[in-house]
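A short write-up of the structure that comes next.
Excluded from the calculations below are hydrogen atoms, water molecules and symmetry mates; all remaining heavy atoms, backbone and side chain alike, are included. Everything numeric in this text was worked out from a predicted model, so none of it was measured. Numbered from 1 within each chain, the chains take letters A, B, ... in sequence-line order.
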There are 2 protein chains.
Amino acid sequence: MPPIKLKSSVPTAAAKRQHKAAAKAATQAKEKPRPLTRIQREKQDIILEAALDVFSLHGFRGATIDQIAEVAGMSKPNLLYYFPRKEEIHRRLISELLVTWLAPLREMDADGDPFPEIRSYIRRKLEMARDFPRESRLFANEMLQGAPRIIEMIEVDLKNLVDEKAAVLTTWMDQGRIARTDPYHLIFSIWATTQHYADFDVQVRAVLGPSRGGEGRFEDAARYLEQLFLYGLTPRSKR
Amino acid sequence: MPPIKLKSSVPTAAAKRQHKAAAKAATQAKEKPRPLTRIQREKQDIILEAALDVFSLHGFRGATIDQIAEVAGMSKPNLLYYFPRKEEIHRRLISELLVTWLAPLREMDADGDPFPEIRSYIRRKLEMARDFPRESRLFANEMLQGAPRIIEMIEVDLKNLVDEKAAVLTTWMDQGRIARTDPYHLIFSIWATTQHYADFDVQVRAVLGPSRGGEGRFEDAARYLEQLFLYGLTPRSKR
DNA sequence: AAGAATTTTGACCAGTTGGAAAAATGTTAG
DNA sequence: CTAACATTTTTCCAACTGGTCAAAATTCTT
C-alpha cells in the first residue's frame, strides 16, 4: 500500500485532506503537499481580493464570510472549500501584506545619501497609500484592535527591521549629515503622515473639498511632506 | 385632556415614548422632553463608557450589544431600555467625541505667536492621544469605514473649522512668521503624527521595546515632534 | 470515453445577533 | 400609603453567523 497519497473513496474527504496536508506538510514531512491546481490558485486570488475589500472596511470581527463570498462571486460553502476558516483568509492577507508593506523601509540604503534616501522612502510610502489603500486600512484595523493576530510578527520582524534602520539613521546623525533626533520617532512620523492619506482618506477629501481633494492631493502631500521633513516650519529668512 | 404628557396605561409604552419624545422634541416642539432622572443619567454614562471600550476596539459592526451590556454590568434588554438601538449609542459617542476632539484646534489663537500656538496645539493633541486613546480609536475606526455615520459632520463642522484655521496659518505665512507651506496638509500632519501614538500604540510599544516603550514615550514623542515641525531634519550646521 | 479527482451546490445546524413584549420589581410625589 | 411612573428581568424571536456534509456537477488524466 502506498502511504503517500492516502486516497479515499470519498472525494470530499480527499479534498479536505489536501488542505490539511498542505498545512501539516512542514511538520509531518511525509505527505507531499501536491501543488495547487490552476483553479485553486485563481479562486484563492479572487477570494483574497474580495476579503481584502471586506476586512479592510469592517475589521476582522465586522467582516462576514457571506459578504466576502458575495463579493468574490461564489457561494459560502464554495469559499470555505478553499479556506476552511475565516481566520485563515485573514492570516494569509496579513502575512502577505507585511512583506510588501515593509519593502520601502527595507530599501532605505545605508550607503546612499541621507536626504535622497529619506525623501524617496517618504515618496514610496505615499505611493503605497495611494495605490494600496485597502492594504493600509487592513493593517490599521489590525493595529486598532491591538494586533492580536500579528503581534509576534510586529515584535520580531518589524522591530528588527526598524532597529536596523534606526541604527542607519543614527550613523547619519553621528556624521552630521542629518539633524540629531530620535530615529524611532522619525520613522513613526513618516509612517503616520503617509498612511494618513490612505486610512483617513474620507476626512482628507472632505476637508480639502472638491477643488483640492482630487487626485492632485497626493502630489500636494508629497511636496508638503518633503518640505516638512527637510526644513520644518522655520521660515526661510531665519534658516 | 392635557396633550402634554400622553400618558398611557401601558407602562412600557410610556417609557418608550419618553425616549422618542426626547428625540422628536426638536421637531415636534409640542411634548416637553421631561428631564432625565438621576438613574437615567448615571446608567447612560455607564453604558457610554462601556460602549466606548467595545466600539473603539472592534468598530461598529464588530461590536455587539451583549458585549457592551456585559462590560456595563447589566442585561441586554436593560441596556436597550436606555438606548433603543445600537446605532443610537454609537451616534451619541461620536457626536460627543467630535466636540472635544476639535477643541484643541479651536483654541489655536490667531492673535497669538505662531510657534507657541502651533507647539501647544501639537502638545494638546498628543496629550489627548495619551489620555483618551479609546476616543482616538473610535474616531479612527469610523474613518476607516468611510465615516458612514458622521460624514456630514466632517463635511460641515470639521471642514469649516479647518478652513478657518488654515486661513489663520496662511496669514502667518503671509507675514513671514512661519514658512510658506500648505496649511491643510500641515494640519493633517499634526493630526496624523499625534494620533498615531493612540491608534498604533501596540506597534509603537512593540518597536520601542520594554526599555523605551514605557510612559516616557509620550515625552520623547513631544520632543521629537516639536523639533520636526520647527526645523525638520536639516542639520544645525546648515540651518 | 471512462474513471478518478476536483469543484460546486443545496440542505442543514448550533450558536449568536439585534431587538420586542410583557411581566415583575423599584422608586417617588402627593 | 399608594398610585403613577421608572427600571429591571424573563421570555421569546427572526435573521444572521461560522461552519459541516453529502451529493451533484465539472474537470482532468489516460
Partners meeting salt bridge (Lys or Arg N to Asp or Glu O under 4.0 Å) with B/D199 (sequence neighbours left out): none

d(CG, A/L80; P, D/dA22) in whole Å: 16 Å

Closest nucleotide among D/dT9, D/dT7, C/dA11 to the A/P77 side chain: C/dA11

A/S75 side chain near C/dT9 phosphate (N/O to OP1/OP2, under 4.0 Å): yes

Whole-Å distance separating the CD1 atom of A/I46 from the C1' atom of C/dT8: 14 Å

Results of salt bridge (Lys or Arg N to Asp or Glu O under 4.0 Å) for B/K125 - residues two or more places apart only: none

Those residues that, when tested against A/Y184, pass ring pair (Phe, Tyr, Trp, His ring centres under 6.0 Å) (two or more places apart): none

B/H90 NE2 - C/dG18 C1' separation (whole Å): 16 Å

Working for salt bridge (charged side-chain N to carboxylate O under 4.0 Å, His left out), residues A/R212 and B/D182: CA-CA 11 Å; A/R212 300 196 54 221; B/D182 189 312; 2.4 Å; yes

A/H58: ring pair (Phe, Tyr, Trp, His ring centres under 6.0 Å) partners, not counting sequence neighbours: none

Phosphate OP1/OP2 of C/dT17: any B/R85 side-chain N/O under 4.0 Å: no

Integer-rounded Å distance: D/dT17 P and A/E70 CD: 11 Å

Contacts of A/R41 that satisfy salt bridge (Lys or Arg N to Asp or Glu O under 4.0 Å) - sequence neighbours left out: none

Residues A/R149, A/H90; criterion side-chain contact (heavy atoms from CB on, under 4.5 Å); working and verdict: CA-CA 9 Å; A/R149 282 165 289 273; A/H90 194 262; 3.4 Å; yes

Sorted by number, the residues of residues 58-65 of chain B with heavy-atom contact under 4.0 Å to DNA chain C: B/A63, B/T64, B/I65

Check: D/dG18 base within 3.5 Å donor-acceptor of A/K76 side chain: yes

OP1 or OP2 of D/dT9 under 4.0 Å from side-chain N/O of B/N78: yes

A/Y81 side-chain N/O to C/dT8 phosphate OP1/OP2 under 4.0 Å: no

Nearest-Å distance for atom pair CD/P, residues A/Q67 and D/dA15: 19 Å

B/F188 and B/H185 aromatic ring geometry - parallel, tilted or perpendicular at 30°/60° bounds: perpendicular

Separation of atom CG in B/L79 from atom C1' in D/dT7, rounded to whole Å: 13 Å

Residue-phosphate contact under 4.0 Å: A/Q40 side-chain N/O, C/dT6 OP1/OP2: no

A/K43 side chain near C/dT8 phosphate (N/O to OP1/OP2, under 4.0 Å): yes

Donor-acceptor contacts, no H, no angles, side chain residues 151-161 of chain A, under 3.5 Å, sequence neighbours left out:
residue: A/K159; atom: NZ; partner: A/D163; partner atom: OD1; Å: 3.4
residue: A/K159; atom: NZ; partner: A/D163; partner atom: OD2; Å: 2.8
residue: A/N160; atom: ND2; partner: A/V156; partner atom: O; Å: 3.3

Gap between atoms CG and P, on A/D66 and C/dG15 respectively (whole Å): 19 Å

B/Y82 side-chain N/O to D/dT8 phosphate OP1/OP2 under 4.0 Å: yes

Scan nucleotides 26-30 of chain D against the protein and return all N/O pairs shorter than 3.5 Å with their distances rounded to 0.1 Å.
residue: D/dC28; atom: OP1; partner: A/R38; partner atom: NH2; Å: 2.8

Any residue meeting salt bridge (Lys or Arg N to Asp or Glu O under 4.0 Å) with A/E49, in chain and number order, not counting sequence neighbours: A/R134

Between P of D/dG18 and CD1 of A/I89, the distance in whole Å: 10 Å

